[in-house]
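Numbers here are sequence positions counted from 1. Just so we're clear, the structure is a prediction, and the values are computed from it rather than from any experiment.
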Amino acid sequence: MALFLQLLPLLLLRAQGDPGASLEGVPGDRVNLSCVGVAHPIRWAWAPSFPACKGLSKGRRPILWASSSGAPTVPSFQPFTGRLRSLDSGIRRLELLLSAGDSGIFFCKGRHEDESRTVLHVLGDRADCRIPGPTHGSAYRQLLIPLLGAGLALGLGALGVVWWLRRRAPPHPLRPFPRFALSPPHSSTRESSRAPEASKGGGAQDSWGPGSGAEPSLR
């Protein structure tokens, strides 16, 4: 399937019979894109063979425009920033520093709707080039998830054992409530008030004596 996708631009180019060229290289190579058979080129476009490698959608996207000042106009965002430059003021020839995912068809569009096509294939590009290989972070997550699952299972098992033991244990008897002896509210005050009176009365009786009221004997 990947081989068919790589050959699809060539098959479409031959089926349509449009003039074009084919280039091949590896990341780091520099290739020249030429606009052949177009009298007045005004813009370049690119249709990636594997859009997912660049995080793009399918279809053409402009990469360069001609301008009256002579300096080509470049879109604010394009995948070839810093790697694509024009070799002349008429954008007839471009130089591209290859990177992974650059495979596709480059279109040179003329003022009279005439165009030329250049098929570029970067060795190593595949339809699944966006699938990342195992990294340290992914390996860490693969190890962490089973450990979290095991810890959760152990915690639930411990809670189940505690609940089962508590159900089997006999219920604890309720402790009786403490009882407090309540005394009359004024008994202590009354007894304390009576104690001094009794002591006073006893003292008076002792001072007078039992014979204090007897008359003295006559001699």
Side-chain angles (χ1 to χ4, degrees), residues 1-138 141-142:
M1 185 64 182
L3 180 60
F4 173 77
L5 291 175
Q6 292 177 6
L7 296 177
L8 182 59
L10 292 175
L11 296 176
L12 292 176
L13 187 62
R14 291 180 181 177
Q16 295 176 0
D18 292 340
S22 179
L23 298 175
E24 190 176 75
V26 297
D29 289 349
R30 293 183 182 272
V31 297
N32 292 334
L33 306 173
S34 299
C35 193
V36 180
V38 178
H40 301 283
I42 58 175
R43 67 178 180 271
W44 281 81
W46 173 62
S49 297
F50 310 108
C53 297
K54 296 290 187 180
L56 303 172
S57 57
K58 295 181 180 180
R60 296 187 185 187
R61 49 191 36 83
I63 58 174
L64 201 68
W65 285 283
S67 64
S68 57
S69 62
T73 302
V74 181
S76 57
F77 172 78
Q78 59 131 326
F80 306 112
T81 301
R83 300 188 292 117
L84 181 67
R85 67 187 184 97
S86 177
L87 298 178
D88 54 37
S89 59
I91 66 169
R92 187 173 295 275
R93 295 172 59 245
L94 305 181
E95 183 185 69
L96 174 64
L97 176 62
L98 295 184
S99 176
D102 288 346
S103 296
I105 304 177
F106 290 81
F107 300 90
C108 177
K109 196 76 173 179
R111 185 177 301 172
H112 303 289
E113 298 301 324
D114 50 341
E115 68 178 22
S116 68
R117 301 184 179 191
T118 302
V119 179
L120 174 65
H121 174 59
V122 179
L123 298 178
D125 281 358
R126 299 177 301 172
D128 58 346
C129 60
R130 290 281 298 179
I131 300 176
T135 60
H136 177 73
S138 61
R141 286 192 295 269
Q142 292 176 1

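Under the side chain to side chain donor-acceptor pair (under 3.5 Å) criterion, Arg61 pairs with Ser57, not counting sequence neighbours. With sequence neighbours excluded, no residue forms a salt bridge (Lys or Arg N to Asp or Glu O under 4.0 Å) with Glu24.
Residues Trp44 and Trp65 have side chains not in contact (no heavy-atom distance under 4.5 Å, counting atoms from C-beta outward). Side-chain contact check for Val74 versus Thr81: every heavy-atom pair is 4.5 Å or farther apart. Contact of the Val122 side chain with the Val26 side chain is not registered, since no non-hydrogen atoms from C-beta on lie closer than 4.5 Å. Here the side chains of Cys35 and Ile91 are not in contact, with every heavy-atom distance at 4.5 Å or above. Inter-residue side-chain proximity for Leu64 and Phe80 is flagged as unmet; no heavy-atom pair is nearer than 4.5 Å. No side-chain heavy atom of Leu97 sits under 4.5 Å from any side-chain heavy atom of Asp29.
Under the 3.5 Å distance criterion, the side-chain polar atoms of Ser34 are left unmatched by any main-chain donor or acceptor of Val36. Distance alone, capped at 3.5 Å, places no donor-acceptor pair between the Asp114 side chain and the Val38 backbone. Remark: side-chain polar atoms of Arg83 are not paired, donor with acceptor, to backbone N or O of Arg30 under 3.5 angstrom. No side-chain donor-acceptor contact under 3.5 Å links Arg92 to the backbone of Ser86.
Of all heavy-atom pairs spanning Pro75 and Pro62, the tightest one is CG-O, 3.5 Å. Nearest heavy atom pair, residue Gly90 against residue Pro41, reads O-CG, 3.4 Å.
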Do any side-chain atoms of residues 105-112 form donor-acceptor pairs under 3.5 angstrom with protein atoms, and if so which ones, sequence neighbours left out?
from	atom 1	to	atom 2	distance (Å)
Lys109	NZ	Glu113	OE1	3.4
Lys109	NZ	Glu115	OE1	3.4

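In this structure, Ser103 OG and Lys54 NZ are separated by 9.5 Å, a value rounded to the nearest 0.5 Å. Taken to the nearest 0.5 Å, the CH2 atom of Trp46 stands 8.5 Å off from the CD1 atom of Ile63. Summarising the geometry, atom CG belonging to Leu96 is positioned 9.5 Å from atom CG belonging to Asn32; distances are rounded to the nearest 0.5 Å.
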Check your understanding: Is there a side chain to side chain contact (heavy atoms under 4.5 Å, CB included) between Leu94 and Leu87 once you walk through the steps?
Key -> CA-CA 5 Å; Leu94 305 181; Leu87 298 178; over 6 Å; no
